[in-house]
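The next block holds one structure in the form of structure tokens; read it before the comments.
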Protein chains: 2
Amino acid sequence: MTRVQAGLTREGIVEAALHIVDGQGLRRLTMRRLGDALGVEAMAVYHHFPRGKDQLLDAMIEHVAAPPRPPAEGDWEQRLRTWAQAYRVKLLEHAGALPLLFTRPVPEAVAFPSLEGRLAAFTEAGLDEEAILDAAHALAAYVLGHVILEVQAEAPGQPPTPPPDGRHPHLARLRPRETARTWDGRFTAGLDAVLPTR
Amino acid sequence: MTRVQAGLTREGIVEAALHIVDGQGLRRLTMRRLGDALGVEAMAVYHHFPRGKDQLLDAMIEHVAAPPRPPAEGDWEQRLRTWAQAYRVKLLEHAGALPLLFTRPVPEAVAFPSLEGRLAAFTEAGLDEEAILDAAHALAAYVLGHVILEVQAEAPGQPPTPPPDGRHPHLARLRPRETARTWDGRFTAGLDAVLPTR
DNA sequence: TGATCGTACTTTACTATGTAAAGGCGGTGG
DNA sequence: CCACCGCCTTTACATAGTAAAGTACGATCA
């Protein structure tokens, strides 16, 4: 039996793991399944992630939720809008892995380059120091929260709800418009509110 | 052996489960541990949640993430601020259960009374129909996203990061102010941005 | 060339977990 | 007194993470 070096790498393992999560959900990401996907025994992964599955999940969230850097071109508002849209898209690419966001923080070192760019943009907007920090926080929170709502809505398993009746007049009035609204439209409209007015 | 009726109820089971999650984390919520906490065998839970752990988790998120109803008193802005603060506090009470937010939506029927109240407030603010929906979405997203950030920051295990250096001048300048900012202060400041200007 | 050794994997084995299936026990209505 | 039902227990099994020890391959050095 010629034993071939499988040539595992941390990156390759993380990508295979994300592929499983995307296709079958976090629940079904197991060391054995991951090994199978890589053509290797489960325990082989421990050579690259000695702390086991926990460390693997750390690496996954770092890959999935690392905020991108804002573009260098454009005025501050355009750069922030582009950043927000890019981060939203990136997060949605691996929606199945996002529960990890509540479990483990993205390492600061990974977030810093992105944050620096956002702070620069808000500085250009002419805000004072406190306002810069608050605006950056509001924007990041909005993007993350939007993604929660979009993921929830896109997921299956929402039991059909009886249409809002007389006890919920506002809801009843607005419901058709609400179901017609795209997630993209909602996201952009929310950005208008969250970004400082010029 | 006198076998005593344990008198389990769905509510009691959910509360015991949340108690375990609060104290030991989602990972350590197991059917056996839950049984022990209730003075019962693991399988007893299945009588009340026939679909098993999955159904239990559904019930937990419904309990933890059901948005409160805005107060009836006060002007629209005050009601929305109070609502946002209350929801934030409620979510943080069971931060350990929040990863479930990405897995399962809060049933619409549970969210409707709260949403109705928020829509009423935004209507009072004088927005047109589309703007009402967008503002409600932005507010909800902001609260949820803020909670992600607050939970992440409050959790242990953030590896100590070298202070930002010359490559991150804005970060370096703003860092002291950032670490001094309270989460409450940040949250409130973000609300100012997200709520429509009168 | 052959001995030595570290790296990258495999084997084996153990404990924990979710849950199907079937069993038992006490109370209730006939 | 008996049959039934609601609530819980017992038993059993497939699957999970992972510790510990084993094995093969290539590089390094004598």
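In what follows, every heavy atom counts, from backbone to side chain, and hydrogens, waters and symmetry copies are set aside. Every chain is numbered from 1 and lettered A, B, ... according to where its sequence line falls, protein lines coming before strand lines.
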Sorted by chain and residue number, the side-chain contact (heavy atoms from CB on, under 4.5 Å) partners of A193(B) (sequence neighbours excluded) come out as none
Please tabulate, for the side chains in residues 128-141 of chain B, all donor-acceptor contacts under 3.5 angstrom to protein atoms that are two or more places apart in sequence or on a different chain.
{"from": "D128(B)", "atom 1": "OD1", "to": "E130(B)", "atom 2": "N", "distance (Å)": "3.2"}
{"from": "D128(B)", "atom 1": "OD1", "to": "A131(B)", "atom 2": "N", "distance (Å)": "3.0"}
{"from": "E129(B)", "atom 1": "OE1", "to": "R177(A)", "atom 2": "NE", "distance (Å)": "2.9"}
{"from": "E129(B)", "atom 1": "OE1", "to": "R177(A)", "atom 2": "NH2", "distance (Å)": "3.4"}
{"from": "D134(B)", "atom 1": "OD1", "to": "R181(A)", "atom 2": "NE", "distance (Å)": "2.9"}
{"from": "D134(B)", "atom 1": "OD1", "to": "R181(A)", "atom 2": "NH2", "distance (Å)": "3.4"}
{"from": "D134(B)", "atom 1": "OD2", "to": "R181(A)", "atom 2": "NH2", "distance (Å)": "3.0"}
{"from": "H137(B)", "atom 1": "NE2", "to": "H146(A)", "atom 2": "ND1", "distance (Å)": "3.1"}

Distance-only donor-acceptor pairs under 3.5 Å for side chains of residues 6-20 of chain A, two or more places apart:
{"from": "T9(A)", "atom 1": "OG1", "to": "G12(A)", "atom 2": "N", "distance (Å)": "2.9"}

So the salt bridge (Lys or Arg N to Asp or Glu O under 4.0 Å) pairs with at least one residue in residues 89-116 of chain B (sequence neighbours excluded) are R175(A)-E108(B), D54(B)-R104(B), D58(B)-R104(B)
- Message: Can you see if the side chain of H48(B) gets near the phosphate of dG6(D) - specifically, an N or O under 4.0 Å from OP1 or OP2?
- Response: no
D54(B) atom CG is separated from dT19(C) atom C1', nearest whole Å, by 12 Å
ask   = For dT9(D), does either OP1 or OP2 sit under 4.0 Å from a side-chain N or O belonging to H47(B)?
value = no
Rounded to whole Å, CD of E41(B) lies from C1' of dG18(C) at a distance of 15 Å
Name each donor-acceptor pair under 3.5 Å that joins a side chain in residues 33-44 of chain A to protein atoms two or more places apart or in another chain, with its distance.
{"from": "R33(A)", "atom 1": "NE", "to": "R28(A)", "atom 2": "O", "distance (Å)": "2.6"}

Here the distance between atom P of dA20(C) and atom OH of Y46(B), to the nearest Å, is 7 Å
Kindly say whether P68(B) contributes a backbone atom to a donor-acceptor pair with the side chain of W83(B) at under 3.5 angstrom? yes
Where do N or O atoms of nucleotides 12-17 of chain C meet protein N or O atoms at under 3.5 Å, pair by pair?
{"from": "dT17(C)", "atom 1": "OP1", "to": "R33(B)", "atom 2": "NH2", "distance (Å)": "2.8"}

Taken to the nearest whole Å, CZ/F49(B) to P/dG18(C) is 15 Å
To the nearest angstrom, the CZ-P distance between R51(B) and dT19(C) comes to 10 Å
